[in-house]
Amino acid sequence: MKEKILEYLNKKHDYLSGDQISKHLGISRQGLWKHIQELKDLGYEIVAVPHLGYRLESCPDRLFDFEVTRSLRTKFIGRKIHYFDYLTSTMDTAMRLGMEGEPGGSIVLAESQVKGRGRLGRSWLSPKHKGIYLSLILRPKILPAACPVLTLMSAVSICEALKDVAGLEAQIKWPNDVLIHNKKAAGILTEMNAEVDKVNFVVIGIGLNVNNDKKSLIPQATSLREQLGAEVSRVLVLQELLRRIELNYFILEDKGSREIIDKWRNFTLTLGARVKVDYQHKQIEGQAMDIDQDGSLLIRKDSGLIQKISSGDVTACR
Ligand code: BT5
């Protein structure tokens, strides 16, 4: 109902009498008053003037589920949202929900994380109301070995969404970093629950710096706000991201990984460069040649041998 009230108030942009709203939405005046109070408690500025009615003055910058699903227009990604003011990590909550049978497409969102995590025990800084911290549950019918492609699909989706919403040209550093002007704006963490030949579910964690100022960023990081010089609506960014993920996920399901990998190549910062990769406690140096259909990086070493690397940390050699 909150969603409907907001939509109606938004649409009319002017004072609407309690009577008019109640009639339109088929609720009692008392019920309407209660919902308006709840919206005010959530931070919506709604003024009530005797004889004129209610008017929506401003909305808080929050990723409330009803704000995100309003005009989202996806079929299943993000249709169900578990929203929290803060969490230890959205990954923990999503993994637990996955074990409890949560359907694919559901997302866990937090306004901040106390222990946001990256790969290999590293941490993800998640200051309150600044970024987007989300974990998406998927139940793909693929083999566990094919799961890295989901990380690439997510990276492509982030780049496409940033271009669309903010006109920003982002690039992907294999396997999971999204950079703008060589600084990290987003990171992806893919975890799965699988048996030898069957994926039960996958959780894709995405951290994206949106309205962080310099103080809330580490030096090698950037945010959309820093790049654009202005704040951006996190709701709009998130909605476009979810739409892009769904489109790319359908492509992956219908046609396999080739098309996603072709898209990925358009955004890559890694391919063609001479790189060092930390991989299984070793350092491998060579030319980043390509990625194969399962998302592994192919490095041509100086000996001419091609080594396939399924995960690791890449640094460009100067
Ligand atoms: C990642 O790991 O880049 C994956 C990050 C995934 C975060 C999301 S947020 C929602 C979900 N819930 C979670 O708990 N996690 C996921 P990795 O490649 O290991 O990079 C981690 C490194 O990135 C750190 O060691 C820092 O150097 C850097 N870093 C940390 N916070 C950052 C930030 N906010 N922006 C840019 N870089 C950051």
Task: Between Lys183 and Gln220, a side-chain donor and acceptor under 3.5 Å - done: no
TODO: Take atom NZ of Lys115 as the centre, draw a 6.0 Å sphere, and report whether it contains more than 12 heavy atoms from other residues, nucleotides or ligands.
DONE: no
- [ ] Taking only Lys NZ, Arg NE, NH1 and NH2, and the carboxylate oxygens of Asp or Glu, determine whether Asp290 and Arg265 approach each other closer than 4.0 Å.
- [x] yes
Task: Closest non-hydrogen atom pair, Thr268 against Thr270 - done: OG1-N, 2.9 Å
Task: Whether Arg119 side chain and Gly312 backbone form a donor-acceptor pair below 3.5 Å - done: yes
TODO: Consider only side-chain heavy atoms of I, L, V, M, F, W and Y, link residues closer than 4.5 Å, and tell whether Leu224 and Val156 are in one cluster.
DONE: no
Open item on the list: Quick test of your reading of the model: are Arg243 and Glu240 salt-bridged, counting only N-O distances below 4.0 Å?
Closed with: yes
- [ ] For residues Tyr83 and Phe64, establish whether the separation of their ring centroids is below 6.0 Å.
- [x] yes
Open item on the list: Could you report the tightest heavy-atom contact between Asp61 and His129, atom names first, then the distance?
Closed with: OD2-O, 3.9 Å
Open item on the list: For Asn212 versus Lys130, what's the shortest heavy-atom pair and its separation?
Closed with: OD1-O, 3.6 Å
Open item on the list: Under a 3.5 Å distance rule, please check whether Arg122 uses its side chain to pair with a backbone N or O of Arg117 as donor and acceptor.
Closed with: no
Open item on the list: Using modelled atom types and a 3.5 Å cut-off, is there a donor and acceptor pairing between side-chain atoms of Ser296 and backbone atoms of Asp292?
Closed with: no
TODO: Without swapping roles, check the side chain of Glu160 against the backbone of Arg244 for a donor-acceptor pair under 3.5 Å.
DONE: no
Open item on the list: Could you report the tightest heavy-atom contact between Ser22 and Leu32, atom names first, then the distance?
Closed with: OG-CD2, 3.8 Å
Open item on the list: For the backbone of Asn209 and the side chain of Ser223, can you confirm whether one donor and one acceptor N or O come within less than 3.5 Å of each other?
Closed with: no
TODO: Quick one: closest heavy-atom pair of Ile260 and Asn248, and the distance?
DONE: CD1-O, 3.5 Å
Open item on the list: If we ignore hydrogens and angles and just use 3.5 Å, is the side chain of Gln239 paired with the main-chain N or O of Arg70 as donor and acceptor?
Closed with: yes
Open item on the list: Between Arg139 (side chain only) and Glu102 (backbone N and O only), is there a donor and an acceptor less than 3.5 Å apart?
Closed with: yes
TODO: Output yes when a side-chain donor or acceptor of Gln171 lies under 3.5 Å from a complementary backbone atom of Asn182, and no otherwise.
DONE: no
Open item on the list: Quick check on the hydrophobic clustering: are Ile5 and Val235 connected, directly or via other members, by side-chain heavy-atom contacts under 4.5 Å?
Closed with: yes
- [ ] Measure from the side-chain N and O atoms of Asp65 to the backbone N and O of Val68, and report whether any donor-acceptor pair falls under 3.5 Å.
- [x] no
Task: Salt-bridge criterion met for Arg96 and Glu100 (N-O under 4.0 Å) - done: yes
Task: Taking every non-hydrogen atom, the tightest pair across Ile137 and Ala94 - done: CD1-O, 3.6 Å
- [ ] I would like to know whether Thr151 and Thr190 meet side-chain hydrogen bond (donor to acceptor under 3.5 Å, both in side chains); could you show each step before the answer?
- [x] CA-CA 6 Å; Thr151 307; Thr190 306; 2.7 Å; yes
Open item on the list: Check this for me, if you would: do Arg274 and Glu285 make a salt bridge, where the nitrogen-to-carboxylate-oxygen distance has to be below 4.0 angstrom?
Closed with: yes
Open item on the list: I'd like to know if the side chain of Gln113 and the backbone of Tyr133 have a donor-acceptor N/O pair within less than 3.5 Å.
Closed with: no
